[in-house]
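Notes follow the structure.
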Amino acid sequence: MKIGYPCINRTVKCCSARTFRLSSYSEERLIETTAANLMCLEKILEFNRAKSILFFRITSDLIPFASHPVCRVDWEMHFKSDFDRIGKMIRTYDMRISMHPDQFVLLNSPKREVLENSISELKYHAKLLDLMGLDKSAKIQIHVGGVYGKKKEAMERFIDRYKYLPENVRERLVIENDERLYSLVDCLSIHNSTGIPVLLDVFHHSILGDGITQLDSLKLSQRTWLPEDGIPVVDYSTQQGGARKGKHTESIDLEHFSDFLRVSSSYDFDIMLEIKDKELSAQSAIRVAQTDERFSRVTKGC
DNA sequence: GGCAGTCAAGTACGC
DNA sequence: GCGTACTTGACTGCC
């Protein structure tokens, strides 16, 4: 069991997701911003290593406009040595990496242009992970997409299009249940037709769960992961008090997290904390997990 | 330097 | 029809 957080670290005084306006685009700007982002990513990984945080979600903004037609820079070659170095660091530290393209990636959209942009974006994500030499356990997680008034057809479109994705995208892609449209049951149905692993979001499942218990949700999602996918990943959060339903908490609820570890003790998985204060909650979670055999097994020597 | 409006991209929902 | 939410700031032009 590894515990991690997404994209941003406020303790390290830099941002690995710096970008700029499309109207300000130039090759120089792209190279300068990407170089700064990569340098910051290394700093964050070093911070994580020092704190035994061995799971991290890399921002999709690492290379601004990488999948946009405006981008003509051969960033793969230009930053090859950086990708080599960062990839080696990740492998040496035995870290797990994931990515989560944003809401514009919709494989089941009825609009051709949206589909094409989505595939370009997924190719960029897969290329980045490939360039770092990471194995297939470095996953790219997406949601199933929109419903467009006809859910069955929307799911069929996802299944059909998944089959035609480039292999290096398919090998890394996983789907995550959301809290409004596609439940765990829907994701499992897509898994049955495609083999795509299902990443369980325990918070979303608590909102849209189809009556499936937390323990059963862990069991059902775990079965969708093959050995080469690495151990399953679970997204964890809780409700922010007083906010709209589905809003992620500002800071981890350690009592709830401790209960979750106890209830789930018969399963092993990596935990991505989708919590606003990021690395602070990750460090709190790790303190709680110290006594958990699943966690201590992988952090020996850190 | 500070501020407020805006930012590549989609969709669903509440008002 | 518009504003908002999603992982949320960060960039930009104007004063």
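Letters A, B, ... are given to chains in the order of the sequence lines, protein chains preceding strands, and every chain is numbered from 1. Keep in mind the model is a prediction, meaning the values are calculated, not measured.
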Can you see which heavy atom on A:D186 is nearest to which on A:L181, and at what distance?
-> OD2-O, 3.5 Å
Is A:K278 near enough to C:dT7 that one of its side-chain N or O atoms lies under 4.0 angstrom from OP1 or OP2?
-> no
Rounded to the Å, how far apart are A:E113 CD and B:dG10 P?
-> 7 Å
Which base, if any, makes a Watson-Crick or G-U wobble pair with B:dG10, both distances under 3.5 Å?
-> C:dC6
In whole angstrom, what separates A:D235's CG from C:dT7's C1'?
-> 11 Å
When the C1' atoms of C:dT7 and B:dG2 are considered, how many whole Å apart are they?
-> 27 Å
Please determine if A:K136 and A:D229 form a salt bridge, counting it only when a charged side-chain N lies under 4.0 Å from a carboxylate O.
-> no
note: A:D178, atom CG; B:dC13, atom C1'; distance rounded to Å ~ 13 Å
Could you check how far NZ of A:K151 sits from P of B:dT11, rounded to whole Å?
-> 17 Å
Across the strands shown, which category fits A:H68 at heavy-atom distances under 4.0 angstrom: base, sugar-phosphate, nothing?
-> base
Is the ring centre of A:F104 under 5.5 Å from the base ring centre of B:dA9, and are the two planes under 30° apart, so that they stack?
-> yes
A:H256: ring pair (Phe, Tyr, Trp, His ring centres under 6.0 Å) partners, not counting sequence neighbours = A:Y236
Would you kindly give the CG-to-C1' distance between A:N108 and B:dA12, to the nearest whole Å?
-> 13 Å
Determine the contact category for A:V147: base if any of its heavy atoms lies under 4.0 Å from a base atom, sugar-phosphate if only primed atoms, P, OP1 or OP2 are that close, otherwise nothing.
-> sugar-phosphate
Looking at the side chain of A:L181, which of B:dA9, B:dA8, B:dC13 is the nearest nucleotide?
-> B:dC13
Could you tell me how the ring of A:F20 sits relative to the ring of A:F65: parallel (under 30°), tilted (30 to 60°) or perpendicular (over 60°)?
-> tilted
Relative to each other, are the rings of A:F83 and A:W75 parallel, tilted or perpendicular (30° and 60° limits)?
-> perpendicular
Under 3.5 Å: donor-acceptor pair, side chain of A:R180, backbone of A:H204 = no
When the aromatic ring centroids of A:F269 and A:F260 are compared, is their separation below 6.0 Å?
-> yes
Counting any heavy atom closer than 4.0 Å, what does A:S109 reach on the DNA or RNA strands: base, sugar-phosphate only, or nothing?
-> sugar-phosphate
Selected nucleotide, minimal atom distance to A:D102 side chain, candidates C:dT7, B:dT11, B:dA12 = C:dT7
Between C:dA5 and B:dC3, how far apart are the C1' atoms? Round to whole Å, please.
-> 25 Å
Please measure how far the C1' atom in B:dC7 lies from the corresponding atom in C:dG1, and state the result in whole Å.
-> 22 Å
When you compare B:dA8 with C:dC11, how far apart are their P atoms, in angstrom units rounded to a whole number?
-> 13 Å
B/S/- along nucleotides 10-15 of chain C (protein heavy atoms under 4.0 Å) is BBS---
What integer number of Å spans the C1' atoms of B:dG5 and C:dG3?
-> 15 Å
In whole angstroms, how far is the P atom of C:dG9 from the CG atom of A:D61?
-> 13 Å
Separation of atom CD in A:E179 from atom P in C:dT7, rounded to whole Å | 7 Å
Can A:N9 and A:Y5 be counted as having a side-chain donor-acceptor contact under 3.5 angstrom?
-> yes
Indicate, with a heavy-atom threshold strictly under 4.0 Å, whether A:Y148 touches base, sugar-phosphate, or nothing.
-> sugar-phosphate
Can you tell me how far C1' of B:dG10 sits from CZ of A:R180, to the nearest Å?
-> 11 Å
